[in-house]
Amino acid sequence: MTGLRLIERKECWALTIRGWIALFVGAVIIIALTMTSVYPFLAVDHAVRADILVVEGWLPDYALEKAREEFRKRNYRIIITTGGPVEVGFCISKYKSYAALTAATLKQLGFNEESIAVVQTPRVTKDRTYASALALKNWLLKSGLSSKAFNIYSFGPHARRSRLLFKKAFGNRIEIGVLKTDSHEYDPQYWWKTSSGVRSVVYEFIAYCYARFFFYPKSETP
């Protein structure tokens, strides 16, 4: 039986106490850096010189008030609202899309009706931001409104994904900037301290990774 060996002795490396401490400290540093840098990464704020401001229709009213300030500060020619069908209160609301609802809100905030354009997004079950971008692209082609650039007004950590998907829809035909407004529901510097902040930032990070690495548009039709 001496020739039949079923077990053998092997040496292996193992962490010492100092090694475990160093590993723990390194993990804490990585987590801390991730928590403090992920929001600024997602909530990008980079405007370009443009005469069109595009507002995503699902923004809350306080964000639209800031959009009004942005519109006046940079002297845009027109503000365009985007968005799909209203999901709650559709039957009783006279505004059937978020684009129309946002346009009505902007009018209440003092915008002239002539400076507002409504671009409604068709009902889709996924990739709604990309569908809004395609709807805007088709509307610009049909309207004859020529422009070399526009800025998107978006919400916190959604901003980077919005710009990415709009660029996927428009390609290199037009320069696209983005401006963000922060949520009042949580402190962007300490987003991990509230459930709304965690839901928003973690979801948007996952959604951005999907849009960045796995989303490939198949057609030009939303």
Side-chain angles (χ1 to χ4, degrees), residues 44-60 63-87 95-156 158-181 207-208 211-212 215-222:
V44 62
D45 194 274
H46 181 73
V48 298
R49 179 183 287 273
D51 56 358
I52 297 176
L53 180 63
V54 177
V55 176
E56 297 188 287
W58 47 270
L59 298 183
L64 298 180
E65 292 177 354
K66 292 183 179 180
R68 175 184 60 184
E69 298 173 5
E70 165 66 18
F71 185 86
R72 293 174 176 175
K73 180 177 69 174
R74 298 184 192 268
N75 295 317
Y76 291 94
R77 177 171 39 150
I78 189 173
I79 185 167
I80 302 175
T81 62
T82 65
V86 172
E87 298 172 351
Y95 304 110
K96 301 304 180 182
S97 70
Y98 287 107
L101 178 60
T102 299
T105 304
L106 291 175
K107 292 176 186 177
Q108 290 295 319
L109 291 175
F111 276 85
N112 294 324
E113 187 171 356
E114 293 77 14
S115 63
I116 304 174
V118 177
V119 178
Q120 181 171 327
T121 307
R123 185 179 297 276
V124 293
T125 57
K126 64 176 184 177
D127 304 325
R128 287 176 292 185
T129 300
Y130 181 74
S132 293
L134 280 185
L136 175 63
K137 178 182 176 181
N138 294 333
W139 184 88
L140 287 174
L141 291 173
K142 294 177 182 178
S143 68
L145 185 65
S146 61
S147 181
K148 296 181 179 179
F150 64 81
N151 285 319
I152 310 165
Y153 201 80
S154 190
F155 200 52
H158 192 271
R160 183 173 289 275
R161 182 159 64 100
S162 288
R163 184 179 64 174
L164 172 65
L165 291 172
F166 272 75
K167 284 186 174 182
K168 283 180 179 288
F170 280 85
N172 298 322
R173 304 175 186 179
I174 191 168
E175 189 177 8
I176 301 174
V178 65
L179 297 128
K180 59 91 178 178
T181 183
Y208 171 76
R212 179 67 177 84
F215 176 67
Y216 298 97
K218 293 182 179 180
S219 69
E220 293 291 316
T221 302

(message) Looking at every non-hydrogen atom in both residues, tell me the closest pair between Ala47 and Leu179 and how far apart they are.
(response) CB-CD2, 3.8 Å
(request) For Arg77, look at atom CZ and say whether over 12 heavy atoms of other residues, nucleotides or ligands are found less than 6.0 Å away. (result) yes
(request) State, yes or no, whether a side-chain contact exists between Lys107 and Ile116 at a heavy-atom distance under 4.5 Å. (result) yes
(request) Look up atom OG1 in Thr121 and atom CZ in Arg128, then write down how far apart they are to the nearest 0.5 Å. (result) 10.5 Å
(request) Using a strict 4.0 Å threshold on nitrogen-to-oxygen distance, state whether Glu70 and Arg74 make a salt bridge. (result) yes
(request) Measure across Lys180 and Asp45 and return the closest heavy-atom pair with its distance rounded to 0.1 Å. (result) N-OD2, 2.9 Å
(message) So that I know where these two stand, are Phe170 and Phe150 an aromatic pair - ring centroids less than 6.0 Å apart?
(response) yes
(request) Report the distance from atom CG of Leu134 to atom CZ of Phe166, rounding to the nearest 0.5 Å. (result) 9.5 Å
(request) Please report the closest heavy-atom contact between Pro217 and Tyr130, naming both atoms and the distance. (result) CB-OH, 3.0 Å
(message) Is there a side-chain contact between His158 and Trp58 in this structure, where contact means two heavy atoms from C-beta onward sitting under 4.5 Å apart?
(response) yes
(message) Would you say that Leu164 contacts Phe215 through its side chain, given a criterion of any heavy-atom pair below 4.5 Å between the two side chains?
(response) no
(message) Within the 3.5 Å criterion, strictly below it, is a donor on Ser162 or Thr129 matched to an acceptor on the partner's side chain?
(response) no
(request) Give a yes-or-no answer on whether the side chains of Tyr98 and Glu56 include a donor-acceptor pair shorter than 3.5 Å. (result) no
(message) Once rounded to the nearest 0.5 Å, what's the spacing between atom CG of Leu141 and atom CZ of Arg173?
(response) 7.0 Å
(request) With the side chain counted from C-beta on, respond yes when Leu109 and Glu65 share a heavy-atom pair under 4.5 Å apart, and no when they do not. (result) yes
(message) In the structure I gave you, are the side-chain heavy atoms of Pro60 and Phe155 within less than 4.5 Å of one another anywhere?
(response) yes
(request) Please check if the side chain of Lys137 supplies one atom and the backbone of Ala169 the other of a donor-acceptor pair under 3.5 Å. (result) yes
(request) First locate atom CG of Leu145, then atom CD1 of Ile52, and finally report the distance between them rounded to the nearest 0.5 Å. (result) 4.5 Å
(message) So which atom in Ala117 and which in Ile78 form the shortest heavy-atom distance, rounded to 0.1 Å?
(response) CB-CD1, 3.7 Å
(request) Calculate, to the nearest 0.5 Å, the distance between atoms OG and CD1 belonging to Ser147 and Ile80 respectively. (result) 8.5 Å
(message) Quick check against the 3.5 Å criterion: does Thr102 have a side-chain atom that pairs as donor or acceptor with the backbone of Ala99?
(response) no
(request) Starting from the C-alpha separation in whole Å, work towards a yes-or-no answer on side chain to side chain contact (heavy atoms under 4.5 Å, CB included) for Ile79 and Tyr153. (result) CA-CA 10 Å; Ile79 185 167; Tyr153 201 80; over 6 Å; no
(request) Could you grab the distance from atom CD1 of Ile152 to atom CG of Leu165, nearest 0.5 Å is fine? (result) 9.0 Å
(message) Is the shortest side-chain heavy-atom distance between Leu106 and Phe71 below 4.5 Å?
(response) no
(message) Measuring only between side-chain heavy atoms, which start at C-beta, is Val48 closer than 4.5 Å to Ile176?
(response) no
(message) Ignoring hydrogens, what is the shortest heavy-atom contact between Lys168 and Ala211? Give both atom names and the distance.
(response) CE-O, 3.1 Å
(message) Please find the pair of heavy atoms, one from Val178 and one from Ser154, that lie closest to each other, and give the distance.
(response) CG2-CB, 4.4 Å
